[in-house]
Amino acid sequence: MKRTLALLDQSRAALETCGYCPKLCRAACPVSEAEPRDSLTPWGKMSLAWFAARGDVEPDRDLAATAWACTGCFSCREHCDHRNEVAHTLGAARAEFRALGLAPAASEAVIAGFEAQRHATAEALAALAREPGVQATADTALLVGCGYATRHPAQARSAIAVTTRLFGAVRLVDGCCGLPLLLAGDRAGFAQSLSRLSEQVRGAPRFVVLDPGCALVLAEHGAKTLVELAATRLDAFHRVPRLAEYPAVRWQDPCKLGRGLGIYDAPRQLLSRALGRAPEELARIRGEALCSGGGGLLPQTMPEVAARIAERRLDEHRQVGGGLLVTGCASSLESLQNRGVEVADLVSILDEASRPTDG
Ligand code: SF4
Ligand code: SF4
């Protein structure tokens with residue numbers, strides 16, 4: 001008797017829709033663009049998951065690895081007449097393949113290192129708690145996210161400064177939404193982490209989140225991105241004269257903020273305040289924006305492909321004239337920086353643009 005996977009019942013419509021599709025979103029996927037293989041197109045990844053779920057093929061490590069060949073960029077959904085949720089379905093496939101012992105080693109290492117990462121985040125947050133405006137009893141809860149707290153502390157400090165200028169004192173949320181565990185196929189660990197974090201923010205009058213990846217996971221728990229909240233207070237931001245030194249200042253839409261949360265105008269409005277004019281644009285923007293390769297654990301599981309995706313985004317920036325490239329999520333920042341292009345996070349610019357002026 002064929003062994004079927006629970007995935008078949010949970011995601012049957014999505015799997016069948018892709019399986020019978022003439023690959024209409026083929027060109028939309030950053031992974032199969034960077035590594036041209038049919039099995040890495042959205043159609044290929046979904047079809048292989050479907051065959052395995054139906055019991056038509058016995059999954060092995062190579063087949064399972066295709067479920068991890070996804071940054072979760074939602075680009076295929078934008079090019080799909082059915083708005084098929086490929087990233088979510090491949091996420092469910094990861095959990096099933098992991099239960100069969102077929103997860104990639106690099107993904108398992110994320111789970112094994114999760115507690116150590118949590119510990120590092122708690123230590124980083126303890127240091128950030130000494131920043132002006134942080135009070136343990138404040139009404140406004142601020143989650144900077146593990147990526148910013150541990151790897152981009154300057155940007156985390158800027159988030160604290162901007163949020164306190166806009167809304168008064170903040171308390172820092174010490175927890176992880178569990179997204180790394182979800183992406184690694186550990187659904188139980190993810191649920192536990194999310195539950196612990198949601199307890200911390202239950203009833204908070206305002207729950208501000210810096211990283212759009214965390215905000216997407218926490219949308220049902222009242223999370224709002226700092227960017228969208230800041231855009232409701234545009235008058236709090238002034239021009240930053242030093243930005244005039246760049247030949248261009250270009251916004252790059254992070255996938256989770258743009259296609260994920262539908263926030264396209266807010267960062268452009270805020271950058272316009274800081275520049276005194278509209279920012280320059282990349283060739284592909286908003287729903288059509290190219291991924292920067294930092295999501296979905298791709299930098300861990302397929303680092304060379306992730307690097308090629310980042311280079312493609314940077315090439316696009318160079319081709320339209322270069323200058324300062326501004327992004328707004330920890331994964332994008334990590335993917336794009338240190339590759340010969342000056343990259344800034346929007347929150348650093350907002351910090352400068354909201355500092356009190358002498359006059
Ligand atoms: S996501 Fe949509 S367009 Fe892409 S393969 Fe699946 S059904 Fe076809
Ligand atoms: S969500 Fe992005 S990376 Fe994943 S299959 Fe779709 S286009 Fe490819």
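Note that ligands are numbered from 1 as they come in the structure, with each ligand's atoms numbered from 1 the same way.
Nearest to atom 2 (Fe) of ligand 1 among the protein's heavy atoms is Cys80 SG, 2.3 Å. Looking at atom 6 (Fe) of ligand 1, its nearest protein heavy atom turns out to be Cys18 SG, 2.2 Å. Nearest to atom 4 (Fe) of ligand 1 among the protein's heavy atoms is Cys25 SG, 2.3 Å. Nearest protein heavy-atom neighbour of atom 3 (S) of ligand 2: Thr71 N, 3.3 Å. In terms of protein heavy-atom proximity, atom 8 (Fe) of ligand 1 is closest to Cys21 SG, 2.3 Å. Of the protein's heavy atoms, Val86 CG2, 3.5 Å lies nearest to atom 1 (S) of ligand 1.
For ligand 2, the atoms closer than 4.0 angstrom to any heavy atom of Lys45 are 5 (S), 8 (Fe). Close approach of ligand 1 to Leu24 (heavy-atom distance below 4.0 Å) involves ligand atoms 3 (S). Residue contact check: Thr17 has heavy atoms under 4.0 Å from atoms 7 (S) of ligand 1.
Counted by atom type alone, Ser107 and Trp68 present one or more donor-acceptor pairs between their side chains at under 3.5 Å.
Under the 4.0 Å criterion applied to side-chain N and carboxylate O atoms, Arg165 and Asp351 are assigned as salt-bridge partners. The existence of a salt bridge linking Arg286 and Asp265 is confirmed by a sub-4.0 Å separation between a basic side-chain nitrogen and an acidic carboxylate oxygen. Look at Asp315 and Arg308 and you find no salt bridge, because none of the NZ, NE, NH1 or NH2 atoms lies under 4.0 Å from a carboxylate O.
Gln155 pairs with exactly one of Val144, Leu346, Asp345 by the side-chain contact (heavy atoms from CB on, under 4.5 Å) rule, that one being Asp345.
For the pair Arg187 and Phe190, the NZ or CZ position fails the cation-pi test of under 6.0 Å to the six-membered ring centre and within 45 degrees of the ring normal.
Taking the six-membered ring where the residue is Trp, the centroids of Tyr264 and Trp251 are separated by 6.0 Å or more.
At least one side-chain heavy atom of Thr225 sits less than 4.5 Å from a side-chain heavy atom of Leu261.
Taking 2.8 Å as the criterion, Cys76 counts as a coordinating residue of atom 6 (Fe) of ligand 2, since one of its N, O or S atoms falls below it. Between atom 8 (Fe) of ligand 2 and Cys291 there is no N/O/S contact shorter than 2.8 Å.
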